[in-house]
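If you're wondering where the values come from, they're calculated on a predicted model, not measured in any experiment. Scope of the values below: all heavy atoms of this structure, side chains included, with no hydrogens, waters or symmetry mates. All chains are named by letter (A, B, ...) in the order of the sequence lines, taking the proteins before the strands, and each is independently numbered beginning at 1.
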Amino acid sequence: MTTPDPLELPTQYEPAATEPAIYQGWLDAAAFTARPDRTPALGGDRPPFTIVIPPPNVTAILHTGHGLNNTVQDVIVRWRRMAGDEALWVPGTDHAGIATQNVVEKIVAAEGRTRFDIGREAFVARVHAFVEETGGVILDQLRAIGSSCDWTRTAYTLTPELSRAVREAFVLLYERGLVYRGHRVIHWCPRCLTSLSDEEAEHHDETGKLYHIAYPVSDDPSRAITVATTRPETMLGDVAVAVHPEDERYRDLVGRTVRLPIAEIDIPVIADAYTDPAFGTGAVKITPAHDPNDFEVGLRHALAMPVVITPTGEMAEVADAAGRVPAALRGLDRFEARRRIEAMLREQGRLVKVETHAHAVRHCYRCDTVVEPRLSDQWFVRMAPLAAPALEAVRSGRVRIMPERWVAVYHNWMENIRDWNISRQLWWGHRIPVWYCAACPPPDDVIVSRDDVAACPRCGGAVRQDEDVLDTWFSSWLWPISTLGWPDREARDLKAFYPTDHLVTAPEILFFWVARMIMAGYAFMDDAPFHTVYLHGTVRDTQHRKMSKSLGNGIDPLDVVRLYGADALRWTLVSGLGMGADLILDPDDLEKSFAPGRNFATKLWNIARFLLGNVGDAPVTPVDALRPESLTRADRWILARLDAAIGEVDVALGPARPWADAVDRSTATWPESQRAAGLRLNEYAEVARRFVWDELAAWYLESVKARLAQPGEDREVARAVLVHAFDAALRLLHPIVPFITEGLWQRLPGRLEGEQLVTAAWPRPLSPVVERQGEHVVLKPAGMTMNVSVGDPVVSVAEFDLAREAVEAIRRVRADYAIPPGREVAALLVPANAAARRVLDEERPVIGRLARASLALADRPPTDAAAHVLLADGSEVAVPLAGVIDLDKECARLRGELSQLDRQLAALTQRLGNEGFTSRAPAAVVEAERRKHDEWTARRGQLAGKVEALCGA
RNA sequence: GGGCGAAUAGCUCAGUUGGUCAGAGCGCCUGUCUUACACACAGGAUGUCGGGGGUUCGAGUCCCUCUUCGCCCACCA
């Protein structure tokens, strides 16, 4: 960046014009590049803090979900970087097997061809080229929203390094007996032409039909067994009818055969406890090749397993099905066949009835096609042994999941985990590292290898590699270890940054990804890959629908960046993000959603304009070098408010890791009390906003104007405090709104050449005193107490609050009586006691300026017509209203105030008279209520006197 | 079918263990270009905290129930 002229800021802040240069400044300074040698594992002293990005699909375009996910990660990473950690955020992309292949297949389809026309090698080359050309766009888009990723470590699941990790993982699991080849019914997508894992076949509730079909008994056509099915086309693959062994209705038929309609073959009636006698007719048709349950039954009874549906979902005699599919049905799509079969059964009188039936149907998570269960050979990972340590990790608190309600979901899934089908009949992905020898007899024909195999190691004969590729999640689950260098256990990044710290993602992929990463962490590194899982909500529209391209209800984050700035986008996402809650945004009203962030940035901009114009560029004294007695009440007030803000932000963000520096990382777990602590990003944003807007800008900055105009020591004090407060505010806000804070911070007086906020220190309270409790003040976050001393910040806070109250009182009078803003009023300040007198007297310049009033101190209120406002400590503000007063109106107002006070007092009196309250409530609460009662009673007396004097009885 | 979450001002949402908790931002109303800011300033109004029951001296806050919405999981044909 060019060095800005610190005294010249344009009147208008234009984020779109300035953000890219600021980002480039960070890159030029290598501010995001983490250094392993600075971590303890490699001899350094900075705690590592690592986040690995949930890798977006390599062809993805940034949407609001990404925006939210990456903003949250960036806030956390920037916070830790400023807090002194060696912060590493690993970026990268996922090759996204099915998704990417589908995209390119669509392009090829537009040319009138299929991938089979092109051939495997050429098609894969084409996908590579497509990724090369259009991929990774999202990484640039992440830069546009300010993501502080370490781009020198950008990863991609198909690089040679990560592919090596994939092979290593596969082979290791195979060697441990945890990878095996299985022959069973799996979920098959007839459009993608691949198998799917259980997680990839999503349930959708649908209203279908339940067909009741009569299968006549072969040797007694007068009898029939009626079975029910939702997929009548599968009946061509039926090999039996199962009834419950105890079911009296069918007992005599077991062992005999029934005639399968349409196929016109005889199939046995078998007894199997899988059948529920109470459901439907109590008889189930058994189609082992096209239903997972039936497959199990088929195994138990050693039944044939004819396949009657092709991979593309058409009816055919595919395997062991000779004579089963009539010519009229061959080649028909499965749903067309269903209609045809329904008609045929009706003609034959075999269709007993058809009822509507609500049930869940599995769909392909990528293309939404109805999944077809299908008998097939696939590779599986045995999950139960892997799940055990992953389950224990969450139980023990080695890994915490936030919000905590997901813990139960995690447990439930892990405890009922099923084996993972990892082979996909796709071309785009990691080829399964298995070769088959044509000559050697099973099981010696299977060769699993880390390196490519050219010839059979046993017989030297020809081999062919498994045609399939691995599930894309098989590379994703290695992400936290593979991006850091695994399987090289000595890799510097792995030693320095593993285990990582936070994992930030949406709950949708808890099972797809998060749970499996924890399993992989234990399987390959003997430790959890992270200690905190933060599952944030989903971005939805005002009808609570997920934002999506197909619904057209999305918000393009880059539109927001262009119109409002990246900071505004981030502000909205962060300030609206309750723990685990969804974020509702209106795609039709960007102004409503994003103006607050833009306005806040403008606020910061204008504070800076004032500051730079009035403070000048001469260096300022550090606040801790100022003589304490030179601080004004306002100075002490704003510094105390700043300390409070810092303390509250630290609480909202919470502990960064479960181990203290002294604790052994390898065994540390989250204590119960901290498993839900922190990451309240919305609270963090609100605290920071309140400090800047409601305290720094609204009060301190206004109070300091006169002092800045008068040369002298007090001006230097005011400069020092103002600069310090604003500097700290910018630090506090930087993780949320990095661009504007960086841009302004660099212009503050006293900056060294090359200094950047992104790597500046996180603010610490000057004094840990933030809260008063009775005789003590509480030190946060340590929780210690100390005695209050004269002139301490807490007292100053209360004193300055009196001045603020006086200002507000006069302003209220002005508004009530419609006194023109330009007209200065005279006001009488009537202090309740000597302390109040001192404060009000000394703060007269500030009060007078902010209330636009000329002030006098008096011992008693004026007797002539004047508006009176009581302050909390019993002091009073009286504004003479000669010429403008409406006596009736003022009396009405005072009476209203009086009756309200009476109501409150009555309630309070009743409560204090309640023995249940006085005896059971905490003593401190009762004591506070008593004090309040005394105060209110005194106030009531004063008020009543006022009313009598002014308005008569 | 099982489990979970949400319901608080017109809108989007905060409200930690029951006792100043009835709040914020936006919007709305009334003024104002007050020498950083009209993307602002000053003042103001607005809620039987989804319905009903219960526990308690006291309940947005705990329990039960109902209603509505959302999410996750699920091999009943």
By salt bridge (charged side-chain N to carboxylate O under 4.0 Å, His left out) - contacts of Arg719(A) (at least two apart): Glu716(A)
Interface residues of residues 560-576 of chain A with RNA chain B (non-hydrogen, below 4.0 angstrom): none
Salt bridge (charged side-chain N to carboxylate O under 4.0 Å, His left out) against Arg690(A), all qualifying residues, sequence neighbours excluded: Glu648(A)
Sequence-distant partners of Phe594(A), ring pair (Phe, Tyr, Trp, His ring centres under 6.0 Å), two or more places apart: none
Pairing of Glu404(A) and Arg675(A) as salt bridge, 4.0 angstrom limit: no
Residues forming a side-chain hydrogen bond (donor to acceptor under 3.5 Å, both in side chains) with His187(A), sequence neighbours excluded: Asp198(A)
N/O donor-acceptor pair under 3.5 Å between Asp567(A) side chain and Ile740(A) backbone: yes
Basic-acidic side-chain contact under 4.0 Å: Glu686(A), Arg689(A): yes
Consecutive-pair stems (at least three Watson-Crick or G-U pairs, under 3.5 Å) that include RNA chain B: B:1-7 with B:67-73, B:10-13 with B:23-26, B:28-32 with B:40-44, B:50-54 with B:62-66
Stretch residues 589-597 of chain A: residues that reach within less than 4.0 Å of RNA chain B through a heavy atom: Lys592(A)
Under the salt bridge (charged side-chain N to carboxylate O under 4.0 Å, His left out) test, residues paired with Arg598(A) that sit two or more places apart: Glu591(A)
Salt bridge (charged side-chain N to carboxylate O under 4.0 Å, His left out) partners for Glu508(A), two or more places apart: Lys546(A)
Any pair counted as side-chain hydrogen bond (donor to acceptor under 3.5 Å, both in side chains), so long as it reaches residues 269-282 of chain A, sequence neighbours left out: Asp272(A)-Arg300(A), Asp272(A)-His301(A)
Partner residues of Ala685(A) under the side-chain contact (heavy atoms from CB on, under 4.5 Å) criterion, sequence neighbours left out: Trp571(A), Val574(A), Ser575(A), Ile736(A)
Terminal contacting nucleotides, 5' and 3', RNA chain B versus chain A (heavy atom, 4.0 Å): C4(B) to A77(B)
